[in-house]
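Data block below; observations after.
These numbers were taken from a predicted model, which means no experiment stands behind them.
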Amino acid sequence: MPTYNPPLRDMQFLLHEVFKVEDEFKAMPVHAETDADTMNAVLEEAGKFAAEVTFPLNISGDTEGCVLDKTTHEVKPPKGFKEAYAKYVEGGWPALSCLPEFGGQGLPYVMNQCVYEMLNSANQAWTMYPGLSHGAYEALVAHGTDEQKKTYLPKLVSGEWTGTMCLTEPHCGTDLGMLRTRAEPQADGTYKITGNKIFISAGEHDMTENIIHLVLARLPDAPKGSKGISLFVVPKFNLKADGSIGTRNPIYCTGLEHKMGIHGNATAQIALDGAVGTLVGQPNKGLAAMFVMMNAARLGVGNQSLGLTEVAYQNALAYAKDRLQSRSLSGPKAKDKEADPIIVHPDVRKMLLTAKAYAEGGRALQIFCTLLLDKAHNHPDEKVKKDSDELVALLTPIVKAFITDNGHIATNACMQVFGGHGFIKEWGMEQYVRDNRINMIYEGTNTVQSLDLLGRKILGNNGATLKKFGKLIAGLVEEEGVNEKMAEFINPLGYLGEQMTKFTTEIGFKGYQNPDEVGAAAVDYLRVAGHLVFAYLFARMAQVALREIAAGNTDPFYRAKLQTARFYFAKLFPETSTLMRTARAGSKVLMDTDAALA
């Protein structure tokens with residue numbers, strides 16, 4: 001059976017030593033009172049909840065799955081899920097980073113993301129129920145009417161109700177411009193919505209008395225394509241005038257998907273048969289409103305893979321220290337035993353360090369991004385807000401795609417450490433591989449994220465935002481460029497930073513001549529950009545570790561951080577050279593292949 005220990009020390013290192021969030025919060029009046037002790041106490045309690053309440057339900061939830069009663073259309077999640085959710089609500093966790101005016105605790109968003117990392121490590125399928133609710137909350141805060149906010153937000157914030165987003169339909173996946181669900185205006189200002197949705201995570205369950213669906217649909221006179229999509233809030237149960245639960249709205253679960261992983265989450269097929277809803281935002285502007293939720297979800301999906309990478313690494317490390325197999329190539333290490341523990345073997349260490357580096361890099365990126373979000377929402381300086389918002393937009397597809405791709409690499413590597421036992425369910429490792437696989441697909445496949453990064457976020461503004469990130473790199477290079485102890489981190493970072501400008505310009509120029517060139521290069525390009533970001537963050541982590549060691553700090557944590565950074569730059573970062581070469585190979589070898597694909 002697997003185990004899980006919340007990585008509180010690493011979180012504290014990033015929050016307090018690398019990013020110095022307490023100082024950042026002092027510049028934001030709304031968070032000025034949030035100090036290190038408060039943050040540490042919250043994370044410690046969240047870690048206990050994750051490890052003690054939801055983690056024990058992970059394997060059993062995967063085995064049991066969800067059950068649909070086709071007569072009543074009700075879904076029962078696995079045993080213990082409902083009770084765990086009640087404890088989650090009782091502890092006030094749904095309200096952590098929500099606005100006080102709706103009953104929230106008003107803590108920084110970066111705190112929420114750290115909490116969710118631990119919950120994802122413990123049980124991704126369970127965490128998706130409250131996780132989607134937070135996205136629905138954000139969409140309604142940004143685009144809901146005063147009446148909608150008054151009606152729905154206090155219940156979402158308290159956790160009494162959960163939320164979903166209903167986008168995809170059987171005939172359209174990423175291409176939402178093809179959706180057919182229709183919304184008919186009614187005399188009372190509501191709409192009757194009819195259509196079918198699929199792949200709706202947490203789409204039906206009995207954990208709360210109501211579920212608030214955010215549904216994309218078309219008005220009768222809507223233009224074709226994505227410019228004719230509107231967003232509606234459609235509750236499972238209609239509400240009475242006093243806000244209490246009323247009649248059942250005709251929005252039903254008609255089936256549950258049979259999936260590779262996340263069995264404990266109800267991935268629902270949803271049918272709407274004249275379900276009553278109200279318009280969110282402006283008519284035909286639904287995608288803009290829904291993108292608030294989708295962008296939050298993309299950061300959340302990256303966090304899911306971060307959580308799985310961390311828990312897979314922890315268990316693989318423990319196994320490698322205990323499992324005896326063969327002797328070390330350089331001579332016996334455990335002479336009193338019949339064989340050495342497999343951690344002595346170089347390739348086992350490579351697999352472990354790959355997972356460790358991708359976990360620590362991913363955690364740094366998540367905290368970096370969510371701190372930027374806090375600045376974008378709450379900083380009094382408009383330039384800081386604007387710059388932070390632009391950087392988050394640039395980094396969101398990297399968070400979603402790079403961290404989930406790395407999660408795929410890491411969970412597979414950790415399963416490999418277990419050898420044949422990794423393929424056996426009881427050890428828990430194969431579940432991490434299966435659960436992670438969806439993260440590369442939903443909320444926009446990783447190829448879609450790559451096209452978004454290269455086509456929209458970089459070439460779309462002629463690299464202006466990329467240059468802003470480049471200034472962060474240049475600042476660090478200037479600060480540490482003459483420090484010999486930092487050279488092994490700074491030199492490769494600085495070199496790739498310089499290469500990135502030429503690389504981007506070259507791909508962009510080819511793309512203007514033939515758009516397929518962008519499509520052919522995008523996935524490799526995003527991975528190069530991901531390594532650029534990780535290299536910057538690992539350099540910052542190494543910078544802090546070196547300073548602590550120079551000051552006489554003997555905590556082995558800092559030595560470990562340096563060793564992980566050295567491994568990352570030596571064994572993982574060099575992938576960028578190959579990726580730039582394959583990106584430059586162009587589209588012809590892909591598109592001029594009709595005979596090969598006949």
Side-chain angles (χ1 to χ4, degrees), residues 4 6-15 18-19 43 50 109-110 112-122 124 127 131 296-314 316-317 351-373 391-392 394-414 432-433 435-440 443 446 449 453 469 526-542 560-561 564-565 567-569 571-573 575-576:
Y4 174 61
L8 299 176
R9 177 67 180 92
D10 204 51
M11 288 181 178
Q12 291 163 357
F13 167 72
L14 291 166
L15 290 168
V18 177
F19 298 118
L43 293 181
Y109 187 60
V110 70
N112 208 59
Q113 207 73 339
C114 289
V115 170
Y116 269 84
E117 182 207 320
M118 293 185 279
L119 293 174
N120 283 317
S121 284
Q124 175 176 324
T127 303
R298 286 168 178 174
L299 294 174
V301 170
N303 216 15
Q304 289 174 339
S305 284
L306 169 57
L308 293 176
T309 298
E310 174 64 34
V311 70
Y313 163 69
Q314 289 187 17
L317 177 65
M351 291 186 284
L352 292 170
L353 286 164
T354 296
K356 180 178 175 65
Y358 281 148
E360 292 183 10
R363 183 173 300 116
L365 178 53
Q366 282 283 4
I367 290 176
F368 181 68
C369 270
T370 44
L371 179 59
L372 287 172
L373 270 180
L391 282 173
V392 169
L394 175 76
L395 294 171
T396 294
I398 296 174
V399 168
K400 198 281 180 182
F402 192 60
I403 294 181
T404 60
D405 280 347
N406 292 343
H408 182 65
I409 294 167
T411 54
N412 274 279
C414 290
Y432 297 139
V433 174
D435 284 353
N436 182 79
R437 193 59 187 83
I438 186 58
N439 299 339
M440 302 160 73
E443 301 313 329
N446 286 1
Q449 303 303 320
L453 175 70
F469 188 80
L526 183 141
R527 195 149 183 86
V528 174
H531 278 299
L532 179 70
V533 174
F534 266 36
Y536 168 71
L537 295 169
F538 266 112
R540 289 190 61 177
M541 289 187 275
K561 187 64 67 177
T564 306
F567 168 83
Y568 169 76
F569 277 101
K571 289 290 189 179
L572 302 179
F573 180 81
E575 178 188 16
T576 54

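Considering only residues two or more places apart in sequence or on other chains, Y313 meets the ring-ring contact (aromatic ring centres under 6.0 Å, His included) condition with none of them. By the ring-ring contact (aromatic ring centres under 6.0 Å, His included) test, F402 pairs with H531, F534, sequence neighbours left out. By the side-chain contact (heavy atoms from CB on, under 4.5 Å) test, V533 is found to be paired with L365, L395, I398, F469, L537, residues two or more places apart in sequence or in another chain being considered.
One N or O on the side chain of T576 and one on the backbone of F573 form a donor-acceptor pair closer than 3.5 Å. K400 places a side-chain N or O within donor-acceptor distance of the main-chain N or O of N439, the cut-off being under 3.5 Å. For the pair Q449 (side chain) and E443 (backbone), a donor-acceptor distance under 3.5 Å is present.
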side-chain hydrogen bond (donor to acceptor under 3.5 Å, both in side chains) evaluation trace for R437 with N412: CA-CA 10 Å; R437 193 59 187 83; N412 274 279; over 6 Å; no
Intermediate values then yes/no, side-chain contact (heavy atoms from CB on, under 4.5 Å), F368 and L14: CA-CA 9 Å; F368 181 68; L14 291 166; over 6 Å; no
side-chain contact (heavy atoms from CB on, under 4.5 Å) between L306 and N120, intermediate numbers included: CA-CA 8 Å; L306 169 57; N120 283 317; over 6 Å; no
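Taken from CG in L308 to CD in Q124, the straight-line distance is 5.0 Å, to the nearest 0.5 Å. Here SG of C414 is found 11.0 Å from CG of N436. Values are rounded to the nearest 0.5 Å. If you take CG on D10 and CD on E360, they are separated by 4.5 Å, rounding to the nearest 0.5 Å. The line from SG of C369 to CG of L391 is 8.5 Å long, rounded to the nearest 0.5 Å. With rounding to the nearest 0.5 Å, the separation of CG in D405 from OH in Y358 is 9.5 Å. Once rounded to the nearest 0.5 Å, the distance linking OG1 of T370 with CG of N112 reads 9.0 Å.
M11 approaches C114 most closely through the heavy-atom pair CE-O, 3.5 Å. Nearest heavy atoms, A401 versus L526: CB-CD2, 3.7 Å. Across all non-hydrogen atoms, the minimal contact from T404 to M440 is O-CG, 3.7 Å. When all heavy atoms of A529 and L453 are compared, the pair lying nearest together is CB-CD2, 4.0 Å. The heavy-atom pair separating A50 from M118 by the smallest distance is CB-O, 3.6 Å. For the pair T309 and G407, the tightest heavy-atom approach, listed with the atom from each and the gap, is OG1-CA, 3.3 Å.
Taking the side chain as every heavy atom from C-beta outward, V18 and I367 never approach each other to under 4.5 Å. Side-chain atoms of N303 and Q113, non-hydrogen and from C-beta on, do get closer than 4.5 Å to each other. Side-chain contact check for N406 versus R527: some heavy-atom pair is nearer than 4.5 Å.
Tested against E117 for a side-chain hydrogen bond (donor to acceptor under 3.5 Å, both in side chains), the candidates Q304, Q366, R363 yield a single pass: R363.
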